[in-house]
Amino acid sequence: MTLNHPGLISLLVLTLLLSIGLFFFIKASVKDRTEELTLMTNATEDELLPSIRDYFDDRAYRLAGLDRATQQITFEGVVRPSWFLTIFLSCLAALGLLCTEFVVFTLWSGFPPILWMGVLLAPTAGWFYWKGAGRTEQVQLQVQSLECSDNSNTTMQSIIAVRAHRDELAELEKTLSSRFLVSDAF
């Protein structure tokens, strides 16, 4: 063991911190990123609902439920994991394990050479992502119509409350903005 040089100690500490960061990066790849978004538009509920239905049909979602009491519509769709991200995470894990093993073997030369085989654990990162990322996503939305009065004008506005994955929310907002005048309600 050759830990008498301060540069080697700092190298070991940095390598361990990077390994911990890599572990949490891989773990975060399957984290649920469901958020809520409230939008306001000048379109009526009758104009809006067919557009929303078409949007989710185009994105391979199906109508899973309709609660008339709360006026909540639920869509479901299967999200498939990405091959690119699976391979990328496996390569990152292999590189991280290889670097960690290299530092450990540089500092403690007495470790048996068989421990270099730890790099073979890298595909478990891809497997972990593949198993966790492939899941059924739900989109829950409510559309409510409001009547707004300005002195002599009475206009109808709709408020859309959506709960879904953040990427889906961004796409939905972009699509609705191209068809209707949409703004963040709150």
Side-chain angles (χ1 to χ4, degrees), residues 3 7-40 52 55-65 70 72-108 111 114-142 159-178 182-186:
L3 279 178
L8 293 176
I9 294 170
S10 63
L11 179 66
L12 177 64
V13 169
L14 287 175
T15 303
L16 291 175
L17 288 174
L18 288 171
S19 298
I20 292 167
L22 177 62
F23 170 78
F24 283 109
F25 180 75
I26 292 169
K27 185 178 171 188
S29 68
V30 297
K31 182 181 175 192
D32 183 29
R33 288 174 171 74
T34 301
E35 295 179 1
E36 293 182 14
L37 177 67
T38 305
L39 301 170
M40 186 177 289
I52 291 173
Y55 168 81
F56 284 114
D57 283 344
D58 291 345
R59 305 232 351 133
Y61 281 84
R62 65 174 183 78
L63 183 63
T70 61
Q72 183 171 333
I73 304 167
T74 304
F75 294 96
E76 280 187 353
V78 176
V79 177
R80 287 189 257 159
S82 161
W83 276 105
F84 171 78
L85 198 53
T86 302
I87 293 168
F88 179 70
L89 288 174
S90 295
C91 290
L92 271 181
L95 188 61
L97 286 168
L98 187 66
C99 290
T100 302
E101 290 172 355
F102 181 71
V103 169
V104 169
F105 287 130
T106 300
L107 295 175
W108 292 288
F111 270 74
I114 191 78
L115 292 180
W116 281 105
M117 303 296 277
V119 172
L120 297 176
L121 294 174
T124 59
W127 176 82
F128 173 77
Y129 165 75
W130 191 264
K131 291 296 181 190
R135 61 182 175 266
T136 301
E137 291 276 336
Q138 280 195 342
V139 176
Q140 298 172 339
L141 73 105
Q142 288 178 306
I159 294 180
I160 310 161
V162 187
R163 180 177 166 80
H165 189 277
R166 69 178 178 196
D167 295 338
E168 196 64 53
L169 290 176
E171 269 308 303
L172 178 64
E173 185 174 18
K174 188 171 114 180
T175 301
L176 289 178
S177 293
S178 68
V182 174
S183 64
D184 288 339
F186 305 105

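The figures that follow rest on heavy atoms only: side chains count, while hydrogens, waters and symmetry mates do not. Remember, predicted model here, so these are calculated numbers, not experimental data.
Put simply, OG1 on Thr38 and CD1 on Ile159 are 8.0 Å apart, with the number rounded to the nearest 0.5 Å. Taken to the nearest 0.5 Å, the NE2 atom of His165 stands 14.0 Å off from the CG atom of Leu172. Put simply, CG on Leu11 and OG1 on Thr106 are 7.5 Å apart, with the number rounded to the nearest 0.5 Å. From Trp127, atom CH2 reaches atom CG of Leu89 across 14.0 Å, with rounding to the nearest 0.5 Å.
Remark: Gln138 engages Thr74, Glu76, Gln140 in a side chain to side chain contact (heavy atoms under 4.5 Å, CB included) (not counting sequence neighbours). Taking Ala164 as the reference, Val139, Val162, Glu168, Leu169 meet the side chain to side chain contact (heavy atoms under 4.5 Å, CB included) condition, with sequence neighbours excluded. With sequence neighbours excluded, no residue satisfies salt bridge (Lys or Arg N to Asp or Glu O under 4.0 Å) with Asp167. Remark: Ile87 pairs with Cys91 by the side chain to side chain contact (heavy atoms under 4.5 Å, CB included) rule, at least two apart or across chains. Residues satisfying the side chain to side chain donor-acceptor pair (under 3.5 Å) test with Glu36, not counting sequence neighbours, are Arg163. Residues satisfying the salt bridge (Lys or Arg N to Asp or Glu O under 4.0 Å) test with Arg166, not counting sequence neighbours, are none. Listed by chain and residue number, Tyr129, Trp130, Ala133 satisfy the side chain to side chain contact (heavy atoms under 4.5 Å, CB included) test with Pro81 (two or more places apart in sequence, or in another chain). Partners of Glu137 according to the salt bridge (Lys or Arg N to Asp or Glu O under 4.0 Å) rule, which considers only residues two or more places apart in sequence or in another chain, are Arg135. Remark: Ser10 pairs with no residue by the side chain to side chain donor-acceptor pair (under 3.5 Å) rule, at least two apart or across chains.
Put simply, the side chain of Gln72 does not reach to within 4.5 Å of the side chain of Leu141, judged on heavy atoms. Between Gln142 and Ile160 there is no side-chain heavy-atom pair separated by less than 4.5 Å.
Closest non-hydrogen pair, Phe75 versus Ile73, comes out as CE1-CG2, 3.5 Å. The shortest heavy-atom contact between Leu22 and Gly96 is CD2-CA, 3.9 Å. Taking all atoms of both residues into account, the shortest heavy-atom contact from Tyr55 to Thr175 is CE1-OG1, 3.5 Å.
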Discussion item. With side-chain contact (heavy atoms from CB on, under 4.5 Å) as the criterion, how do Val104 and Thr15 come out once you've worked through the C-alpha distance, each side chain's angles and the decisive distance to 0.1 Å?
Written reply: CA-CA 9 Å; Val104 169; Thr15 303; over 6 Å; no

Item to complete: Apply side-chain contact (heavy atoms from CB on, under 4.5 Å) to Leu176 and Ile52, showing your working.
Response: CA-CA 8 Å; Leu176 289 178; Ile52 291 173; 4.2 Å; yes

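Judged as a side chain to side chain donor-acceptor pair (under 3.5 Å), the pairs with a partner in residues 24-34 (not counting sequence neighbours) are, in order, Asp32-Thr34. The ring-ring contact (aromatic ring centres under 6.0 Å, His included) analysis of residues 16-35, with sequence neighbours excluded, yields no pairs. Sorted by first and then second residue, the pairs that involve residues 84-102 and meet side chain to side chain donor-acceptor pair (under 3.5 Å), not counting sequence neighbours, are Ser19-Thr100.
Ring to ring, Phe56 and Tyr61 are close: their centroids are under 6.0 angstrom apart.
Residue Phe105 places its CZ atom among more than 12 non-hydrogen atoms of other residues, nucleotides or ligands, all under 6.0 Å distant.
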